[in-house]
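Counting starts at 1 for both ligands and their atoms, following the listed order.
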Amino acid sequence: MPYKRVLTIQDISCVGQCSLTVALPILSASGNETCILPSAVLSTHTGGFKGWTFRDLTDDFLKIKEHWLKENIDFDAFYTGYLGSVHQIDLVLDLFSSGLKKKDSILVVDPAMGDYGKLYSGFDAAYVDKMKKLVFGADIVIPNFTEVCLLTGKQYQEIHDINDVRECAKEIISKGVKTVVITGVSCEKGSMGVYVNNNEKDFYYPHQELNRKCSGTGDIFASAFVGAVLRGKDVFNAALIAENFTFNVIKYTLENPAHWYGVKFEPMLKDYIAELEKV
Ligand code: PXL
């Protein structure tokens with residue numbers, strides 16, 4: 001069984017079931033060594049709570065990198081999610097071109113910056129511009145459809161024509177990306193799915209749309225996808241496993257409407273592991 005060392009770079013939202021509190025358990029469940037670089041510490045995520053605290057950890061990035069270099073630490077994969085600032089994106093670019101990277105390390109970028117047609121609170125056009133630099137240098141990118149629109153300048157609509165989705169994916173691939181995985185793709189009312197294009201073939205997997213909009217579902221998908229790829233699944237199979245896992249945890253969470261701020265994924269990790277074990 002492959003056992004890879006992955007570095008995931010995203011914030012710690014202490015409460016809220018997103019970013020590192022999701023990525024760390026899911027990647028560990030995938031059977032891979034999971035190292036973390038927290039970009040910021042927030043009391044909660046920014047999607048619905050009010051008055052959250054935010055501590056930027058940018059200053060620690062360089063010190064941490066220098067220490068790792070001295071210890072000859074390197075990573076098979078880098079996976080970035082929500083980052084705290086424009087400056088931090090530059091630092092991530094710097095990390096990825098440093099000795100922490102091996103010749104065949106992969107860079108997976110979830111350009112976590114918006115959802116449902118809107119930028120997340122605290123981000124602006126300069127952030128989107130800088131994110132393009134990180135995205136267009138990545139091996140695999142995992143945007144939702146809102147982020148695809150921000151990256152390509154396309155007008156956001158809730159329902160899209162699959163040919164438009166394909167065109168957007170091709171545009172992102174033309175900038176140098178190997179595989180684009182687009183989440184939250186709805187081509188007809190009541191349906192939702194994931195679209196994958198690796199420049200050789202593409203695939204769209206639609207399913208019933210669940211009436212649940214909350215922070216962190218993208219992080220659950222991306223973490224489950226990255227874990228599956230590191231376990232040796234091809235990108236299409238990995239997307240299928242991650243999409244089914246995300247669908248099931250959202251469905252399970254819907255049974256408890258009071259749990260509005262995140263998704264109850266923990267009781268279902270065993271199902272994710274069982275899927276990864278199938279050959
Ligand atoms: O990727 C979701 C996410 C991560 N981190 C923070 C967020 C959100 C979404 O709202 O606010 C801090």
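- Between Y195 and V181, every side-chain heavy-atom pair lies at or beyond the 4.5 Å cut-off.
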For ligand 1, find each of its N or O atoms that sits under 3.5 Å from a protein N or O atom, and tabulate the pairs with distances to one decimal place.
from	atom 1	to	atom 2	distance (Å)
ligand 1	1 (O)	D219	OD1	3.0
ligand 1	1 (O)	D219	OD2	2.9
ligand 1	5 (N)	D11	OD1	2.8
ligand 1	10 (O)	S215	OG	3.0
ligand 1	11 (O)	T46	N	2.8
ligand 1	11 (O)	T46	OG1	2.6

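- No close placement of the F75 and F96 rings is indicated, their centers lying 6.0 Å or farther apart.
- For the atom pair CH2 of W68 and CG of L95, the computed distance is 7.5 Å after rounding to the nearest 0.5 Å.
- The minimum heavy-atom distance between Y261 and H45, with the atom names listed, is O-NE2, 2.7 Å.
- Identified under the side-chain hydrogen bond (donor to acceptor under 3.5 Å, both in side chains) test for residues 123-140, with sequence neighbours left out: D90-K130, D139-K178.
- A cation-pi contact, defined as under 6.0 Å to the ring centre and within 45° of the axis, links K201 to F236.
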